[in-house]
Amino acid sequence: MKFDDKVPIYYQIKTYLYYDVLTGKLKPGAKLPAVRQLAVDLTVNVNTVQRALTEMIAEKTIISQRGKGNFVTEDQDKLAQLKEQLVMSQLAHVYDQLHRLNLSDSEIVASLQRYIDQKGAPQDVERISD
Amino acid sequence: MSNVLAIKDLAYKQNRKTILSNVDLELTTGKIVGLLGENGAGKTTLMRLITGSAKGKGAIEVSGDSEIAKRKSHVSFSEQLHGFSNGYKVDQVVHFYETIYPDFDHARYDAMAKFLQVDGTKKLSALSKGMKEKVVIALTLARQTDLYLLDEPFSGIDSMSRKRIISSILQWKPDDATILISDHYVTEIAPILDEIVIVKDHGIATHIGADAIRDEKGMEIEDYYESLYEDGGDADDEI
């Protein structure tokens, strides 16, 4: 995994695992790989993985079962909340950038709509040509 | 968490020239620590002082022992293979390690050698630089000790070998052991470090948590490292 060295690694590991949960790579109730395995897979240190997992356990998005390992929560409300959080944090970033270009809120909404319309079109063409 | 290494007021001179002075450093168990500094800053010297193969003034304790013979038994240092003639085969070197180090774990060595694709039947003269370093890493980590000192394991090594070596370090590091890795190019190892120690102007300029740099200072480790050199470090060339 490639890391942004400006952002704390434990935070990037959390985000990475949350994406796996929300994209369904890690299903509700699924067991997470062992700490050392995660460290090797992501090329980070064991203590950093442990720190990320400790925070995820505190946020109750993963459940730690003594002696068995860590499991993704099956609480649908919790997962919906997690998704909302990730969506909002992505949007916050875009919103911030666009605001700096002096766009008003309605202009931002309009731009986003235009972007989706334009982006939608070529993809459909590709799909046809496949 | 207890200290695996405690250095107090260490000083070392070579030909009346100060290499290190007033060095204080404490490392706790179970960490991966980057030892950074320019070429000639004294990183290797510091490692040799810890193992006891160089003698300075001051106190050094490894796992609570200060006497050199006991200290050595707690430390595994990545010796380059200079002591062996080029005609030696890798397996002969392994046998030598097994004979002189009672804590050498052959099964551990075999597992690492397999992972790193080391061919034991090859002569040392036939090994590439990257392969030689892989042998050194496997030999060093195959000993069961409290403190591992890896002296610039990545210098002059291609990126594929580097990644393999990093994986093997993560995979085979004993939980309670601490690894000190020296390097003058920090970016390649930044994600695996718990802490960094910077050697500059004959002493320890900083000892700080890696995520503390990102969290509290919002900086990349490399930028942080370089920032220490911007405001007028002394320019005298050592050695």
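Numbers restart at 1 for each chain; the letters A, B, ... are given by sequence-line order, proteins then strands.
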>> Is it the case that atom OH in A:Tyr11 sees more than 12 heavy atoms from other parts of the structure closer than 6.0 Å?
In response: no
>> Need one label for B:Lys173: side chain, backbone, both or neither, based on atoms under 4.5 Å from any heavy atom in chain A.
In response: both
>> A:Arg51 vs B:Asp211, test: side-chain contact (heavy atoms from CB on, under 4.5 Å). Steps then yes/no.
In response: CA-CA 11 Å; A:Arg51 181 169 177 191; B:Asp211 265 348; 4.0 Å; yes
> Which heavy atom in B:Leu170 sits nearest to a heavy atom in A:Ala39, and how many Å separate them?
Replying inline: CD1-O, 3.6 Å
>> For the backbone of B:Lys31 and the side chain of A:Asn47, can you confirm whether one donor and one acceptor N or O come within less than 3.5 Å of each other?
In response: no
> Just wondering, are more than 12 heavy atoms of other shown residues or ligands nearer than 6.0 Å to CG in B:Asp119?
Replying inline: yes
>> Working to the nearest 0.5 angstrom, can you tell me the gap between A:Thr48 OG1 and B:Ile32 CD1?
In response: 8.0 Å
> So among A:Ile9, A:Val7, A:Asp4, which one has a side chain to side chain contact (heavy atoms under 4.5 Å, CB included) with B:Arg214?
Replying inline: A:Ile9
> Which residue out of B:Ile169, B:Thr187, B:Asp194 racks up the most heavy-atom pairs below 4.5 Å with chain A?
Replying inline: B:Asp194
>> Between B:Lys163 and A:Thr43, is the side-chain contact (heavy atoms from CB on, under 4.5 Å) condition met? List the steps.
In response: CA-CA 8 Å; B:Lys163 283 176 188 158; A:Thr43 325; over 6 Å; no
> Considering all heavy atoms of both residues, which atom of B:Leu193 and which atom of A:Asn45 are nearest to each other, and what is their separation?
Replying inline: C-ND2, 3.7 Å
> Could you state the interatomic distance from CD1 (B:Ile213) to CG (A:Asp5), rounded to the nearest 0.5 Å?
Replying inline: 8.5 Å
> Which answer fits B:Ile166, side chain, backbone, both or neither, if we ask what part of it has an atom under 4.5 Å from a heavy atom of chain A?
Replying inline: side chain
> Thinking salt bridges, do A:Lys6 and B:Asp223 make one under a 4.0 Å N-O criterion?
Replying inline: no
>> With a 4.5 angstrom heavy-atom cut-off, is it the side chain or the backbone of A:Tyr10 that approaches chain B, or both, or neither?
In response: both
>> Is A:Val44 close to chain B through its backbone or its side chain, or both, or neither, when contacts mean heavy atoms under 4.5 Å?
In response: both
